Amino acid sequence: VSGVYFAIVTIALSMTLVVLNIGQQGETGGANGITDFKTLLGFDIISDAGKMAIYWVEVLLLLIVTTLAALLLHSRFGKLLIAVRDREDRVRCSGFDTAMIKAFIFTVSAVLSSIGGALFALQAGLVSPSLIGAVISVEMVIYAAVGGRLSVVGAVIGALLVGFMKSYLSVSFPEIWLFFLGGMFIFVVWVLPNGLADLFQKIFR
């Protein structure tokens, strides 16, 4: 399964998981989710000191993950990933198992996403079905498109920028903030198909 069909399958699985979570209200809290996280392994996480500690843990993990992802991308396996992205048929004809390569990198992305989700739950203090559905998956695509889908650092920049704009616009323009967000996405894809990272690279050159 590849291309748009792969996207459809993964989104369908996430929506199925939402339904299952809502149905298991006794364990998951239903539509409200699991709330009121106060401690982690006995440590207080709702105080200012606890929030600050979580913040610095997140910054450290972000730096580690970004570095590891950049090293992976510039390794021999990273060249294979780029080749599979651009011309999978040629890589397959060269004797490589492209299905295994894609399965591996999909697993890596799932592990990184799970780490981010766990940290978000501690920071926000809740886990709800709305954080599993199709909307949040589309937001991840917007992060990569705005920052630059060909750049590891670009993806981080896109996540920070879109996250900030989402928080700011949803407070300042609660009724129309989604239009601003959608407009920004369309503008970047139209003017900068490779994202802001490509613009910065051109400026530095």
Side-chain angles (χ1 to χ4, degrees), residues 6-7 9-73 77-78 81 101-149 151-168 170-171 181:
F6 181 76
V9 169
T10 53
I11 291 176
L13 286 173
S14 68
M15 295 177 70
T16 304
L17 193 58
V18 169
V19 174
L20 289 174
N21 272 272
I22 293 175
Q24 300 296 320
Q25 187 166 352
E27 289 76 24
T28 64
N32 295 324
I34 304 173
T35 60
D36 203 25
F37 288 106
K38 293 182 179 179
T39 60
L40 175 65
L41 301 176
F43 294 99
D44 180 21
I45 61 173
I46 62 173
S47 64
D48 292 340
K51 292 287 186 183
M52 185 61 69
I54 293 174
Y55 171 78
W56 286 114
V57 168
E58 290 170 346
V59 171
L60 179 61
L61 284 174
L62 177 62
L63 292 174
I64 293 173
V65 166
T66 303
T67 302
L68 292 177
L71 290 174
L72 177 65
L73 190 62
F77 182 76
L81 289 176
I101 293 172
K102 291 190 291 184
F104 173 78
I105 202 63
F106 181 71
T107 304
V108 170
S109 68
V111 170
L112 298 182
S113 299
S114 66
I115 294 172
L119 292 172
F120 176 84
L122 295 176
Q123 189 75 46
L126 63 91
V127 179
S128 66
S130 62
L131 301 174
I132 312 173
V135 175
I136 196 70
S137 300
V138 173
E139 283 186 10
M140 301 296 172
V141 176
I142 295 176
Y143 297 161
V146 171
R149 63 184 181 85
S151 169
V152 175
V153 177
V156 176
I157 293 173
L160 294 173
L161 178 62
V162 175
F164 172 77
M165 294 295 291
K166 179 181 175 181
S167 298
Y168 173 75
S170 61
V171 173
L181 203 61

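The model shown is predicted, which means the values in this text are computed figures rather than measured ones. Side chains are part of it too, since the values below use all heavy atoms of this structure and drop only hydrogens, waters and symmetry mates.
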Please set out all donor-acceptor pairs under 3.5 angstrom arising from side-chain atoms of residues 115-127, sequence neighbours excluded.
none

Q.
To check you understand the geometry: which heavy-atom pair defines the closest contact between I11 and S14, and what is its length?
A.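 Between these two residues, the closest heavy atoms are O-OG, 2.6 Å.
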
| Minimal non-hydrogen separation, V152 against A69, with atom names |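 Reported closest heavy-atom pair: CG1-CB, 3.9 Å.
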
- Given side chains that start at C-beta, do those of L72 and I105 come closer than 4.5 Å, heavy atoms only?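 They are in side-chain contact.
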
Sequence neighbours left out, what passes side chain to side chain contact (heavy atoms under 4.5 Å, CB included) with [X]? Give chain and number order.
X    : answer
V171 : none
T16  : L20
I101 : F77, L80, L81, V84, F96
L60  : I64

Enumerate donor-acceptor pairs with a distance under 3.5 Å from any side-chain N or O in residues 155-165 to protein atoms, sequence neighbours excluded.
none

| Nearest 0.5 Å, what's the CD1-CG distance between I54 and L61? |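 Between atom CD1 of I54 and atom CG of L61 there are 11.5 Å.
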
Q) L62 and T66: side chain to side chain contact (heavy atoms under 4.5 Å, CB included), yes or no, with the steps? A) CA-CA 6 Å; L62 177 62; T66 303; 3.8 Å; yes

Check: Do the side chain of S109 and the main chain of F106 share a donor and acceptor less than 3.5 angstrom apart?
Finding: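 Answer holds: yes.
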
